[in-house]
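First the structure, in the form of structure tokens, and then the observations on it.
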Amino acid sequence: MDIAELAEKVIAGDRRALARAITLVESTRPDHRARAVDLLAALPPRQALRVGLSGTPGVGKSTFIEAFGCFLTGQGLRVAVLAVDPSSARSGGSILGDKTRMEQLSRDPRAFIRPSPSQAQLGGVARRTREAVALCEAAGFDVVLIETVGVGQSETMVAEICDVFLLLMAPAGGDELQGVKRGIMEIADMILVNKADGDLKPAALRTMADYAGALRLLRHRPQDPPGFPKAMTVSAVAGEGLAGAWDEMQALAAWRRENGHWAARRADQARHWFQAEVRAGLLAALERGEARAMMARLGDAVAAGGMTPDEAAAKALAQLGGGA
Ligand SMILES: Nc1nc2c(ncn2[C@@H]2O[C@H](COP(=O)(O)OP(=O)(O)O)[C@@H](O)[C@H]2O)c(=O)[nH]1
Ligand SMILES: [Mg+2]
């Protein structure tokens, strides 16, 4: 299929074409990459609300996505679910393993679920996910949910892809906030304390109050209206708090649109990803052909004591055209 035809079908909302297009952007073959770049350039500048969702394993992400996704499709919205899981190369993918928890959503004609690409490198996974998001936007989805497990750098990466970032937490046992890293609190727009049902409800309410207090202590961010970042309780299992959380997300998104923060953030993200692509490309170029041979040669010379590391680096950069 040629790229123009594939783009046309994606834009028309053809799900098989969308799945094929995502497979194309995930491919590491150079000829596929060139086609993927053409495809992405052919997409209209359509925007969905991109919602990032993070939380440690067991907190209820899959259950929440199932419940929240069905809630959104029930409102007549079209929902795409993507995952960034740096461990998926080993574990076989987070969403795929959890598809049983998304049974209803995966059968919903208004929903599209795509498991994490199985690449070992987080940078590669995030890059492909970003491109998959763009494809889902072109395909007419209203909301794109991007799930990531709460480990390592993946949250920061997802924050660079989404408009609204949700942190899902579990009710704490004691009065201690669950070792949540400050850096993650700082990128959260909403903290949702899940499992606010049955015996866990009082603990969930206490935990929510603790987070609300902790969020108030953070430095005010210009992209936030009063009251944000916000902590709330939800129950993915009972379907409680979902409508309220959605109202808040929409209010936040609307405020950011009206105040120029939405467009500014998208522009910053585009700049960030442009630079990340160039960096990744330069690093990859070092592993190929002439450059690779030159690096090996200069490396040997440095190891043998014939040149200082700085001399060799200056020489390498000069030959790469980067100067020194
Ligand atoms: N009580 C209660 N349990 C929940 C809720 N959401 C998820 N769970 C349970 O928590 C466990 C982990 O859920 P899962 O969605 O797989 O978490 P994930 O690892 O973050 O994707 C499962 O046993 C769920 O049934 C909830 O709202 N209330
Ligand atoms: Mg899961």
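Each ligand, and each atom within it, is numbered from 1 in the order the structure gives. Here the structure is a predicted model, which is why all the values come from computation and not from measurement. Any value given below was found using the heavy atoms of this structure, including those in side chains, with hydrogens, waters and symmetry copies removed.
Not one N or O of Val234 is nearer than 3.5 Å to an N or O of ligand 1, by distance alone. Not one N or O of Leu200 is nearer than 3.5 Å to an N or O of ligand 1, by distance alone. Checked by distance only, ligand 1 and Glu147 stay at 3.5 Å or farther apart across all their nitrogen or oxygen atoms.
Taking the centre and axis of the six-membered ring of Trp262, the NZ or CZ atom of Arg256 falls outside the cone set by 45° and 6.0 Å. Lys61 forms no cation-pi arrangement with Phe64, by the criterion of a distance under 6.0 Å to the ring centre and an angle within 45° of the ring axis.
Under the side chain to side chain contact (heavy atoms under 4.5 Å, CB included) rule, Leu145 has a single partner from Ile113, Leu49, Val79, which is Val79.
Annotation: side chain to side chain contact (heavy atoms under 4.5 Å, CB included) contacts of Glu290 (sequence neighbours excluded): none.
Ranked by closest heavy atom to atom 15 (O) of ligand 1, the top entry among Leu53, Thr63, Val59 is Thr63. Of the candidates Glu66, Met102, Lys195, Lys201, Lys195 brings a heavy atom nearest to atom 10 (O) of ligand 1.
Asp31 has a carboxylate O that lies under 4.0 Å from a charged side-chain N of Arg29, or vice versa, which qualifies the two as a salt bridge.
Close contacts between ligand 1 and Pro57 involve ligand atoms 19 (O) [criterion: under 4.0 Å to a heavy atom]. Residue-ligand proximity, Asp197 to ligand 1, at heavy-atom distances under 4.0 Å covers atoms 1 (N), 2 (C), 26 (C), 27 (O), 28 (N).
Of the heavy atoms in Asn194, only side-chain atoms (C-beta onward) come closer than 4.0 Å to ligand 1. At a 4.0 Å heavy-atom cut-off, ligand 1 touches Thr56 through the backbone alone. Proximity of Val237 to ligand 1, defined as any heavy-atom pair under 4.0 Å, is shared by backbone and side chain alike.
A ring pair (Phe, Tyr, Trp, His ring centres under 6.0 Å) check over residues 13-34, counting only residues at least two apart or in different chains, returns nothing.
Using cut-offs of 30° and 60° for the angle between ring planes, the Trp255 and His261 rings count as parallel.
With a 6.0 Å radius and a threshold of 12 heavy atoms from other residues, nucleotides or ligands, Asp199 has its CG atom at or below the threshold.
Among the atoms of Thr63, none of the N, O or S atoms falls under 2.8 Å from the Mg ion (ligand 2).
The closest approach between Gly58 and ligand 1 falls below 4.0 Å for a heavy atom of the residue.
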